[in-house]
Amino acid sequence: QVLLVESGGGLVQAVASLRFSCAASVRPFSSYIMGWFRQALGKVREFVAGISWTGGTRLYADSVKGRFTISRGNGKNTVALQMNSLQPEDTAVYYCAAGGPIVENPREMAYWGKGTLVTVSS
C-alpha cells in the first residue's frame, strides 16, 4: 500500500514561516517525481512546487518563487517544503504527491497524501 503522509500544517500570522514534511512509502522513492499542491476553499487544486528524481531540478509556481523551497531526502523517503514570508493568500490545504513526469499537472501524479491545512492570518 502506498502512503504519503504530510505533517507541519497550522495557523500562523503573515510573514511567518512553516516547514512541511511528507513521508512516502512509494518504492523505489527515488524513481518518483515529487510535488506539492494546494487547494484553497472554493478553488481548484494548483501546483506549488516540484522536484526531480535526484533533486537536481526544482520547479515553482510563480506565486511562491523566492519564498518556498522544496527538497527531498531519498535516503529517508521524504520531501519537504519550506515556506517563508507566508501571506493570507497562501491559506489552503497542502498536498504531497508522487508521480510524474509532468509535475505541474495534478493528473500526472499517481499518489496523494490526505493534505494538511495552513491558515495564514493577516
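All figures in this text were calculated on a predicted structure; none of them were measured in a lab.
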Query - Donor-acceptor contact present, side-chain Arg38 to main-chain Trp36, <3.5 Å - result: no
Requested in this report: Quick one: pull up CG in Leu3 and SG in Cys22 and give me the separation to the nearest 0.5 Å.
Outcome: 10.0 Å
Report task. Without swapping roles, check the side chain of Glu6 against the backbone of Tyr95 for a donor-acceptor pair under 3.5 Å. Result -> no
Requested in this report: Check whether Leu59 and Ile102 end up in the same hydrophobic cluster, where Ile, Leu, Val, Met, Phe, Trp and Tyr are linked by side-chain heavy atoms less than 4.5 Å apart.
Outcome: no
Query raised in the report: Does one hydrophobic cluster hold both Val48 and Val79, with members joined at side-chain heavy-atom distances below 4.5 Å?
Result: yes
Query - Shared hydrophobic cluster for Ile51 and Val26 (ILVMFWY, side-chain gaps under 4.5 Å) - result: yes
Requested in this report: Find out whether the Lys NZ or Arg CZ of Arg72 is both under 6.0 angstrom from the six-membered ring centre of Tyr32 and within 45° of the ring's axis.
Outcome: no
Requested in this report: Dump the intermediate steps for ring pair (Phe, Tyr, Trp, His ring centres under 6.0 Å) on Phe20 and Tyr94, then the final yes or no.
Outcome: CA-CA 9 Å; Phe20 286 151; Tyr94 284 73; 5.2 Å; yes
Name every donor-acceptor pair, under 3.5 Å, that has one atom in a side chain of residues 110-122 and the other anywhere in the protein, sequence neighbours excluded.
unit_1: Trp112; atom_1: NE1; unit_2: Met109; atom_2: O; d: 3.3
unit_1: Thr116; atom_1: OG1; unit_2: Gly9; atom_2: N; d: 3.3
unit_1: Ser121; atom_1: OG; unit_2: Val12; atom_2: O; d: 3.4

**Report entry** Heavy-atom donor-acceptor pair, Arg67 side chain to Ser85 backbone, under 3.5 Å
**Finding:** yes
Query raised in the report: Backbone N or O of Gln87 within a donor-acceptor pair of the Asp90 side chain at under 3.5 Å?
Result: yes
**Report entry** Residue pairs involving residues 48-77 (criterion ring pair (Phe, Tyr, Trp, His ring centres under 6.0 Å); sequence neighbours excluded)
**Finding:** none
Report summary line: The single option from Val64, Leu18, Ile70 that satisfies side-chain contact (heavy atoms from CB on, under 4.5 Å) with Leu81 is Ile70
